[in-house]
Structure formats: C-alpha cells, structure tokens
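When reading the values below, keep in mind they use all heavy atoms of this one structure, side chains included, and skip hydrogens, waters and symmetry mates.
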Amino acid sequence: MNKICLLIVIIFFTGCSSTKNIAEKNNVNLVELENSAESAYMAGHLDMAEGLYRKLLKNKDNYAPAWFRLGNIYTRSGRLDAGVSAYQRCLQLDQQHTKAWYNLAITRMRQSTDILIEAQKHVDPNSKAKKQMDDLFLELMRLQTGQSKAGT
C-alpha cells in the first residue's frame, strides 16, 4: 500500500513539473513567434507576417500590439474592412494606443474615398449631389496626400 501511495505522489509531482515546463516552453515560443512576425513585417514580407501574427493571436488573443500590426497588414494590402476590425480590436484592448486611433481614422477615410468613387458610377453627373461628392472626394484626397489647399 505504501508503494502505491509513493507511486501516486511521484506521478503527481512529475505531472506538475512537466506542466510547468510546457508553459515555460510556450512562453518562449510566443516570444520567438512575435520576434519572427516582427522581423517578417519589418522586411516587408506581409503574407508571412500575417500568418505569424495570426498564429500568435491564437495563443494570446488579448495582445493589442499584434492586432495593431494585423491592422497595418490588412490596410496595406487593401483589405480595409479587416484593417478596421483589427484596429478596433486593438483599441478594445488598449484605448491609449494612439497609433491605432490614427490608423483607424486614416483607414476610415480611405473607405470613404472608395465609397465616393463607387458612387460616381451611379449618380447623375449633373446633380447637386454629384458636385457635393466631387468636392468631398477632392478634400479627402487632399487630406490623404498631405497637399494644402490652393492659395493657402
């Protein structure tokens, strides 16, 4: 009976220590994963970086910097809706992330520009609405390109 109790105690402690080692190994892997994702991102390998950030977020969904980077990747690759979602998730986790606020605003401005381009196909070219949309489009383009107004 004593041998059985001793065996149970040994198995219990062995299980606890191996659980700890797995957790430590995962932490190292997450750090390595983040470093790899960041390296790919900085090198401009956005497809690779996206996959690595997504894998990182599967293990650490509440990590705002990874959501921010995904927002950048999605926006740079023209997936504006996904970019908005990623920036919003980042901001849910970290409301003080000023770059995410700024990039969200810029991405929304790009979406507005795309809407105005699509509207041009469907609006009477002689209507007052067309003139208003043209003016808004020009103003959005000016803001996005950093050009100042004529005469200022």
Side-chain angles (χ1 to χ4, degrees), residues 1-123 132-148:
M1 185 69 168
N2 284 342
K3 289 183 181 182
I4 293 174
C5 288
L6 180 62
L7 183 60
I8 291 172
V9 168
I10 290 171
I11 291 171
F12 174 76
F13 283 116
T14 304
C16 289
S17 70
S18 66
T19 302
K20 181 180 177 188
N21 290 338
I22 290 169
E24 288 173 358
K25 188 175 180 180
N26 281 341
N27 287 337
V28 170
N29 287 341
L30 291 179
V31 170
E32 289 174 8
L33 187 57
E34 181 178 12
N35 288 341
S36 296
E38 187 66 13
S39 293
Y41 178 83
M42 296 307 277
H45 303 297
L46 299 184
D47 288 341
M48 180 186 299
E50 177 184 347
L52 293 168
Y53 280 119
R54 290 173 69 135
K55 187 174 180 181
L56 177 64
L57 288 168
K58 280 185 181 181
N59 294 291
K60 196 174 178 182
D61 183 58
N62 60 346
Y63 189 54
W67 284 109
F68 175 72
R69 285 292 195 224
L70 271 182
N72 290 348
I73 291 167
Y74 293 147
T75 300
R76 286 182 183 176
S77 61
R79 295 175 284 167
L80 302 182
D81 291 339
V84 165
S85 295
Y87 291 136
Q88 288 175 329
R89 179 67 176 129
C90 174
L91 290 166
Q92 285 174 344
L93 299 168
D94 179 7
Q95 293 181 345
Q96 303 301 312
H97 200 299
T98 55
K99 288 182 178 181
W101 283 113
Y102 180 81
N103 288 6
L104 177 60
I106 294 296
T107 305
R108 288 288 197 196
M109 195 171 5
R110 285 183 58 191
Q111 286 179 318
S112 296
T113 303
D114 289 348
I115 290 168
L116 290 169
I117 290 169
E118 180 63 26
Q120 298 294 325
K121 301 173 190 174
H122 308 284
V123 175
Q132 290 172 325
M133 284 188 225
D134 287 346
D135 291 344
L136 180 56
F137 176 79
L138 291 174
E139 188 63 20
L140 285 171
M141 292 306 296
R142 184 189 66 75
L143 288 169
Q144 291 177 64
T145 59
Q147 296 176 357
S148 62

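Between the CG atom in Leu116 and the CE atom in Met141 there is a gap of 11.0 Å [rounded to 0.5 Å]. Separation of atoms CG (Leu30) and NZ (Lys55) is listed at 10.0 Å; rounding is to 0.5 Å. The CG atom of Leu56 lies 12.5 Å from the CZ atom of Arg69; values are rounded to the nearest 0.5 Å. Separation of atoms CG (Asn59) and CG (Leu33) is listed at 7.5 Å; rounding is to 0.5 Å. Between the CG atom in Leu57 and the CD atom in Glu34 there is a gap of 9.5 Å [rounded to 0.5 Å].
Contact check for Leu46 versus Tyr41: side-chain heavy atoms found under the 4.5 Å cut-off. Side chains of Asn103 and Thr75 form no contact here, defined as non-hydrogen atoms less than 4.5 Å apart. Leu136 is not listed as a side-chain neighbour of Gln132, based on a closest heavy-atom distance of 4.5 Å or more. Contact of the Gln120 side chain with the Asp134 side chain is registered, since non-hydrogen atoms from C-beta on lie closer than 4.5 Å. With a 4.5 Å cut-off on side-chain heavy atoms, Trp67 and Gln92 do not count as touching.
Summarising the geometry of Thr107 relative to Leu80, their closest heavy-atom pair is CG2-O, 3.7 Å, with the distance given to 0.1 Å. Between Cys90 and Ala64 the shortest heavy-atom distance is SG-O, 3.5 Å. Across all their heavy atoms, Ala49 and Ala37 have their closest contact at CB-O, 3.7 Å. Here the shortest heavy-atom pairing between Leu140 and Ser112 reads CD1-CB, 3.9 Å.
A donor-acceptor contact shorter than 3.5 Å links the side chain of Tyr87 to the backbone of Asn72. In terms of modelled atom types and a separation under 3.5 Å, the side chain of His45 and the main chain of Met48 share no donor-acceptor contact. A donor-acceptor pair under 3.5 Å is formed between the side chain of Trp101 and the backbone N or O of Gln95.
With sequence neighbours excluded, the residues that form a side-chain hydrogen bond (donor to acceptor under 3.5 Å, both in side chains) with Asp81 are Gln111. With sequence neighbours excluded, no residue forms a side-chain hydrogen bond (donor to acceptor under 3.5 Å, both in side chains) with Gln96. Scored by the side-chain hydrogen bond (donor to acceptor under 3.5 Å, both in side chains) test, Asp135 finds Lys131 as partners (sequence neighbours excluded). Residues forming a side-chain hydrogen bond (donor to acceptor under 3.5 Å, both in side chains) with Lys58 (at least two apart in sequence, or on another chain): none.
Within the structure, the salt bridge (Lys or Arg N to Asp or Glu O under 4.0 Å) test picks out the following pairs touching residues 41-54 (sequence neighbours left out): Glu50-Arg54, Glu50-Arg79. Under the salt bridge (Lys or Arg N to Asp or Glu O under 4.0 Å) criterion, the residue pairs touching residues 82-110 are Asp61-Arg89, with sequence neighbours excluded.
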Exercise for the section: Could you please spell out the steps behind the side-chain contact (heavy atoms from CB on, under 4.5 Å) verdict for Leu138 and Arg142? Expected result: CA-CA 6 Å; Leu138 291 174; Arg142 184 189 66 75; over 6 Å; no
